[in-house]
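These notes concern the structure reproduced below.
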2 protein chains.
Amino acid sequence: MRADAQRNRDRIVEVARGVFKEKGYDAPLDEIARLAGVGPGTLYRHFPARENLIDAVQQELADRVNSMADKAIAHEGGPRERLLAWFEQYVELLTAHPGAAARVTTAMGDEASPIASKCKIYAGANTRVLAELRAEGAMRDGVDDLQVVRLVGGVAAIADQSRLGPEAIGPMLEVLADGVLKG
Amino acid sequence: MRADAQRNRDRIVEVARGVFKEKGYDAPLDEIARLAGVGPGTLYRHFPARENLIDAVQQELADRVNSMADKAIAHEGGPRERLLAWFEQYVELLTAHPGAAARVTTAMGDEASPIASKCKIYAGANTRVLAELRAEGAMRDGVDDLQVVRLVGGVAAIADQSRLGPEAIGPMLEVLADGVLKG
DNA sequence: ACCTGAACACCGTTCAAGT
DNA sequence: ACCTGAACACCGTTCAAGT
């Protein structure tokens with residue numbers, strides 16, 4: 001890639017990250033192009049679909065999810081405390097960008113999605129936490145990792161769109177934890 | 001209301017129901033106006049915001065939810081079977097109109113939403129089912145009705161947007177049921 | 001090879017003119 | 001009191017002309 005093209009691409013992603021964080025993933029693309037100092041055609045050349053730009057912006061979140069999983073696994077307390085710590089971290093991550101939770105969770109398990117690579121990273125972190133608990137015999141039989149990450153993502157999406165706080169999110173995650181773990 | 005105005009309003013709602021069912025709640029409003037044989041201004045006079053039109057269209061769903069709750073309460077089997085029957089019915093109802101689940105669940109608990117009256121009806125049906133189970137001592141302590149209807153609505157929203165079938169929805173609802181009911 | 005920006009398309013929303 | 005439809009605004013998307 002030519003140096004000026006690389007520079008333009010980097011600036012677009014940097015600006016998009018700021019705009020998306022503030023206005024959500026549905027923010028107008030022409031404003032991003034304008035703030036990045038490029039024409040709209042240049043943005044479309046690098047990112048033919050909005051989802052491709054979202055994928056690039058989400059690198060920031062994907063970089064953090066595995067250390068979050070590590071922290072949850074190392075959390076003090078029993079399986080329930082560790083699972084809840086993971087759920088809370090994951091919801092916090094997905095609600096860091098307005099609109100991210102619904103898009104990520106909708107694309108979860110869809111290989112053809114432009115953000116499939118990021119979904120794989122999130123799902124992988126979730127699976128690491130669940131595998132740990134499963135090895136301890138703490139998980140109910142027949143609970144599928146993909147369904148769990150969809151359920152937690154669903155809570156994140158509702159929390160995002162309804163602007164719910166921890167006092168509403170916490171009880172929902174507790175229901176999920178009790179449904180995932182043995183009685 | 002003048003007779004011709006009433007007739008226009010009825011035709012708009014009737015057409016909108018068909019278009020929304022087929023293309024989802026984000027379908028263009030000008031097509032609805034055209035199919036109803038009115039100008040765009042007439043649609044805006046009767047429904048200043050898209051959510052007001054959605055509210056009218058959803059009357060059809062609100063009319064059915066209470067008989068669904070009755071059916072679930074009368075369902076054969078223990079508390080888990082009845083709760084699952086209710087969850088499945090509710091998800092089926094909310095996914096009957098593409099886009100409905102996310103909008104309804106996002107508005108749940110928001111008195112100021114244009115669809116607040118429909119949310120109240122859905123939440124009331126949910127509360128009737130849960131009250132029955134709670135009276136039997138089947139519910140965990142501290143489970144809030146509003147959080148439950150949000151959780152099931154979240155599953156419906158994900159199922160809607162990811163076009164998931166019963167083989168994916170069923171296991172998610174089982175996790176919720178186990179989280180809501182006593183071990 | 002890449003960029004610009006004018007141009008087009010689509011659709012939400014308003015409002016002056018009509019009945 | 002209500003309706004029409006032209007007009008405007010906004011934004012996604014394309015592409016001919018330029019460097």
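Quick note on labels: first sequence line is chain A, next is B, and so on, each numbered from 1.
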- Item | Residues A:R134, A:D145: salt bridge by 4.0 Å N-O rule | yes
- Note on the structure: Counting only Watson-Crick and G-U wobble pairs with both atom distances below 3.5 Å, the stems of 3 or more consecutive pairs that include DNA chain D are C:4-8 with D:12-16, C:12-16 with D:4-8
- Is the number of heavy atoms from other residues, nucleotides or ligands within 6.0 Å of CD (B:E51) greater than 12? yes
- Message: Quick test of your reading of the model: are A:R82 and A:E136 salt-bridged, counting only N-O distances below 4.0 Å?
- Response: yes
- Nucleotide D:dC2, atom C1' - distance to CZ of B:R11 in whole Å: 16 Å
- Mind calculating the distance between CZ (A:R2) and C1' (C:dC3) to the nearest angstrom? 8 Å
- Message: Of the options C:dC2, D:dC2, D:dT4, whose atoms approach the side-chain atoms of B:A5 most closely?
- Response: D:dC2
- Message: So does A:G179 get a backbone contact from the side chain of A:R140, meaning a donor-acceptor N/O pair under 3.5 Å?
- Response: yes
- Closest to the 5' end of DNA chain D, once B:G41 and B:M1 are matched to their nearest nucleotides, is B:M1
- Task: Quickly work out the B:R34 CZ to D:dT4 P distance and round it to whole Å.
- Result: 14 Å
- Message: Name the residue from A:D55, A:N52, A:T106 that meets the side-chain contact (heavy atoms from CB on, under 4.5 Å) definition with A:I115.
- Response: A:D55
- Task: Would you kindly give the CD1-to-P distance between B:I12 and D:dC3, to the nearest whole Å?
- Result: 8 Å
- Message: Please determine whether the number of non-hydrogen atoms from other residues, nucleotides or ligands lying under 6.0 Å from atom NZ of B:K182 exceeds 12.
- Response: yes
- Message: If I take atom CG in residue A:N8 and atom C1' in nucleotide C:dC2, what distance separates them, rounded to the nearest angstrom?
- Response: 9 Å
- Length of the CD-P vector between B:Q6 and D:dC3, whole Å: 11 Å
- More than 12 non-hydrogen atoms from neighbouring residues, nucleotides or ligands closer than 6.0 Å to CD on A:E76, yes or no? no
- Message: In this structure, how many angstroms lie between the C1' atom of D:dC3 and the CZ atom of B:R45, rounded?
- Response: 8 Å
Could you list, one pair per line, each protein nitrogen or oxygen that sits under 3.5 Å from a nitrogen or oxygen of nucleotides 10-13 of chain C, together with the distance?
from, atom 1, to, atom 2, distance (Å)
C:dG12, OP1, B:R50, NH2, 3.0
C:dG12, OP2, B:L29, N, 3.0
C:dT13, OP2, B:Y44, OH, 3.0

- What is the distance from NE2 of B:H46 to C1' of C:dT14, rounded to the nearest Å? 16 Å
- Message: So does A:V38 get a backbone contact from the side chain of A:T42, meaning a donor-acceptor N/O pair under 3.5 Å?
- Response: no
- Task: Give the ring-plane orientation class for A:Y122 versus A:Y90, where under 30° counts as parallel, over 60° as perpendicular and anything between as tilted.
- Result: perpendicular
